[in-house]
Amino acid sequence: MGEREKVKLLGTWYSPVVARAKIALRLKSVDYDYVEEDLFGSKSELLLKSNPVHKKVPVLIHNNKVVVESLNIVEYIDETWNSSRQSILPSHPHDRAIARFWSTFVDDKWFPTLIATAITKSETAKEKGMKEVGEGLLLLEDAFISISKGKRFFGGEVIGFMDICLGSFLVILKAREKLKGENILDKSKTPSLCKWANEFLSDDTVKNMVPEIDKVVKFIREFEAENQTRASRS
């Protein structure tokens with residue numbers, strides 16, 4: 001790709017799905033301009049114009065062409081800078097299909113269940129949700145063992161598509177554990193996944209691309225306190 005290319009990423013520092021785009025861009029050694037958005041305040045005209053349907057981040061703008069949705073963006077980055085360093089998606093069609101299947105499971109089932117469990121006021125719903133989250137992690141443990149074939153990551157010896165997908169949620173998961181004293185990622189139940197999580201977060205490609213856990217803990221605590229204050233006033 002030529003030097004005149006213009007790449008811009010719209011995001012928020014705390015967003016796990018924005019981290020996906022950041023990690024993919026770093027894997028491909030792509031230089032880009034980053035624009036921090038305020039989703040709780042006044043969204044920029046650029047964001048509203050670029051993503052008029054959802055008005056959410058991340059948004060990738062490449063030579064004035066807009067790409068939205070985090071995994072869409074990761075695939076676009078992989079295909080556009082396909083001569084740069086490693087491939088993010090597996091090369092074999094079946095392996096790509098498997099990676100997309102598990103990424104859909106994470107985004108459409110596992111993570112929404114985790115969030116719903118975190119915000120529910122019902123102890124019964126929380127207990128049921130945490131059971132489902134744990135069952136999901138057991139499935140992901142088996143998937144990791146099968147896909148990684150004994151190597152460090154879902155992508156083998158290097159970070160790949162599924163690593164980015166699931167790994168982007170690790171900071172929120174660990175922040176939740178720290179904030180609530182929960183043990184969600186249990187080494188006794190999912191040892192391979194726990195080892196993978198440590199490998200992922202300590203990898204040079206990921207460092208500084210995901211927010212600090214303590215900073216996210218502070219953000220969640222302040223967000224929840226603000227919501228409680230609003231609820232008491234209504």
Side-chain angles (χ1 to χ4, degrees), residues 1 7-37 39 57-60 62 70-78 80-82 84-90 99 102-103 106-107 110-111 114 137 140-141 144 147-148 150-179 183-187 190-223:
M1 291 293 167
V7 182
K8 184 175 291 187
L9 178 66
L10 312 185
T12 54
W13 69 267
Y14 52 82
S15 170
V17 291
V18 171
R20 291 173 172 177
K22 290 180 178 179
I23 293 168
L25 288 165
R26 185 165 183 175
L27 279 171
K28 295 291 188 171
S29 300
V30 178
D31 293 326
Y32 64 97
D33 295 323
Y34 176 71
V35 178
E36 179 72 16
E37 291 286 343
L39 300 187
V57 294
V59 174
L60 184 75
H62 176 215
S70 63
L71 293 182
N72 232 11
I73 291 171
V74 171
E75 290 203 39
Y76 177 85
I77 291 168
D78 192 34
T80 301
W81 289 277
N82 57 11
S84 305
R85 305 183 71 179
Q86 69 203 52
S87 176
I88 296 173
L89 276 160
W102 284 110
S103 67
V106 168
D107 276 9
W110 182 80
F111 188 67
L114 176 65
L137 287 172
L140 289 166
E141 168 85 356
F144 175 77
I147 295 169
S148 67
K151 296 181 180 177
R152 296 171 62 206
F153 301 110
F154 282 94
E157 289 299 337
V158 293
I159 287 172
F161 188 75
M162 186 56 193
D163 297 291
I164 294 173
C165 174
L166 182 59
S168 64
F169 292 131
L170 286 174
V171 169
I172 284 187
L173 188 149
K174 288 183 176 294
R176 190 77 202 174
E177 288 181 328
K178 195 167 186 178
L179 188 64
N183 188 23
I184 303 172
L185 202 55
D186 191 337
K187 189 175 181 180
T190 55
S192 297
L193 214 54
C194 287
K195 184 178 180 182
W196 160 81
N198 291 332
E199 291 271 12
F200 180 83
L201 291 176
S202 62
D203 191 91
D204 288 338
T205 304
V206 176
K207 288 178 182 178
N208 302 320
M209 296 296 105
V210 296
E212 297 175 8
I213 294 170
D214 287 342
K215 192 175 179 182
V216 174
V217 168
K218 182 173 182 288
F219 174 78
I220 293 173
R221 185 179 288 122
E222 291 174 351
F223 180 75

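Predicted model only: the values in this text are computed from it and were never measured.
Under a cut-off of 6.0 angstrom, the local environment of CD in Glu36 is crowded, with over 12 non-hydrogen atoms contributed by other residues, nucleotides or ligands. Around the NZ atom of Lys174, the shell of radius 6.0 Å holds more than 12 heavy atoms that belong to other residues, nucleotides or ligands.
When the ring pair (Phe, Tyr, Trp, His ring centres under 6.0 Å) test is applied to Phe161, no partner is found at least two apart in sequence or on another chain. Among residues two or more places apart in sequence or in another chain, the salt bridge (charged side-chain N to carboxylate O under 4.0 Å, His left out) test is passed with Lys195 by none. For Asp204, the salt bridge (charged side-chain N to carboxylate O under 4.0 Å, His left out) criterion is met by Lys207, not counting sequence neighbours. Annotation: side-chain hydrogen bond (donor to acceptor under 3.5 Å, both in side chains) contacts of Glu177 (sequence neighbours excluded): none. Taking Lys215 as the reference, nothing meets the salt bridge (charged side-chain N to carboxylate O under 4.0 Å, His left out) condition, with sequence neighbours excluded. Residues forming a ring pair (Phe, Tyr, Trp, His ring centres under 6.0 Å) with Phe219 (at least two apart in sequence, or on another chain): Trp13, Tyr14. The ring pair (Phe, Tyr, Trp, His ring centres under 6.0 Å) test applied to Phe153 returns no partner, not counting sequence neighbours. Evaluation of the salt bridge (charged side-chain N to carboxylate O under 4.0 Å, His left out) rule for Asp31 yields no partner, not counting sequence neighbours. For Lys187, there are no side-chain hydrogen bond (donor to acceptor under 3.5 Å, both in side chains) partners two or more places apart in sequence or in a different chain. Qualifying ring pair (Phe, Tyr, Trp, His ring centres under 6.0 Å) partners for Trp102, counting only residues two or more places apart in sequence or in other chains: Phe105.
Between atom CG of residue Asp214 and atom CG of residue Leu179 there is a gap of 11.0 Å, rounded to the nearest 0.5 Å. For the atom pair Lys178 NZ and Arg221 CZ, the distance stands at 9.5 Å (nearest 0.5 Å).
Within the 4.5 Å cutoff, the side chain of Leu27 has heavy atoms near those of the Ile164 side chain. Looking only at side-chain heavy atoms (C-beta outward), Glu141 and Pro191 come within less than 4.5 Å of each other. Here the side chains of Trp81 and Val7 are in contact, with some heavy-atom distance below 4.5 Å. Side-chain contact between Met209 and Leu25 is absent, with no heavy-atom pair separated by less than 4.5 Å.
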Practice item. Decide side-chain contact (heavy atoms from CB on, under 4.5 Å) for Leu170 and Val210; before the verdict, give the C-alpha distance in whole Å, the side-chain angles of both, and the deciding distance to 0.1 Å. Key: CA-CA 9 Å; Leu170 286 174; Val210 296; over 6 Å; no
Point to revise | Intermediate values then yes/no, side-chain contact (heavy atoms from CB on, under 4.5 Å), Leu140 and Thr190 | key: CA-CA 9 Å; Leu140 289 166; Thr190 55; over 6 Å; no
Exercise for review: Evaluate the side-chain contact (heavy atoms from CB on, under 4.5 Å) criterion for residues Leu166 and Phe144: first the C-alpha distance (whole Å), next the side-chain angles of each, then the deciding distance (0.1 Å), finally the verdict.
Suggested key: CA-CA 11 Å; Leu166 182 59; Phe144 175 77; over 6 Å; no
Point to revise | Trace of the side-chain contact (heavy atoms from CB on, under 4.5 Å) decision for Phe169 with Leu114 | key: CA-CA 10 Å; Phe169 292 131; Leu114 176 65; over 6 Å; no
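Applying the salt bridge (Lys or Arg N to Asp or Glu O under 4.0 Å) test to every pair with at least one member in residues 151-161, sequence neighbours left out, gives these pairs: Arg152-Glu199, Arg152-Asp203.
Taking both residues in full, the closest heavy atoms of Thr12 and Ser15 are given as OG1-CB, 3.1 Å, listed atom of the first, atom of the second, then distance. Nearest heavy atom pair, residue Asp78 against residue Ile88, reads OD1-N, 2.8 Å. The two residues Leu185 and Ala197 come nearest to each other via the heavy atoms CD2-CB, 3.8 Å. Across Glu37 and Leu10, no two heavy atoms sit closer than the pair OE2-CD1, 4.1 Å. Contact detail for Leu137 and Ile184: the closest heavy-atom pair is CD1-O, 3.3 Å.
Relative ring orientation between Phe154 and Trp196 is described as perpendicular, the plane-to-plane angle rising above 60° on a 0-90° scale split at 30° and 60°.
Judged by distance alone, with hydrogens and angles left aside, the side-chain atoms of Lys28 form a donor-acceptor pair with the main-chain N or O of Gln86 at under 3.5 Å.
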Sequence neighbours excluded and cut-off under 3.5 Å, please list the side-chain donor-acceptor pairs for residues 16-24, or say none.
{"from": "Arg20", "atom 1": "NE", "to": "Ser168", "atom 2": "OG", "distance (Å)": "3.0"}
{"from": "Arg20", "atom 1": "NH1", "to": "Ser70", "atom 2": "OG", "distance (Å)": "2.9"}
{"from": "Arg20", "atom 1": "NH1", "to": "Asp107", "atom 2": "OD2", "distance (Å)": "3.0"}
{"from": "Arg20", "atom 1": "NH2", "to": "Asp107", "atom 2": "OD1", "distance (Å)": "2.7"}
{"from": "Arg20", "atom 1": "NH2", "to": "Cys165", "atom 2": "O", "distance (Å)": "3.0"}

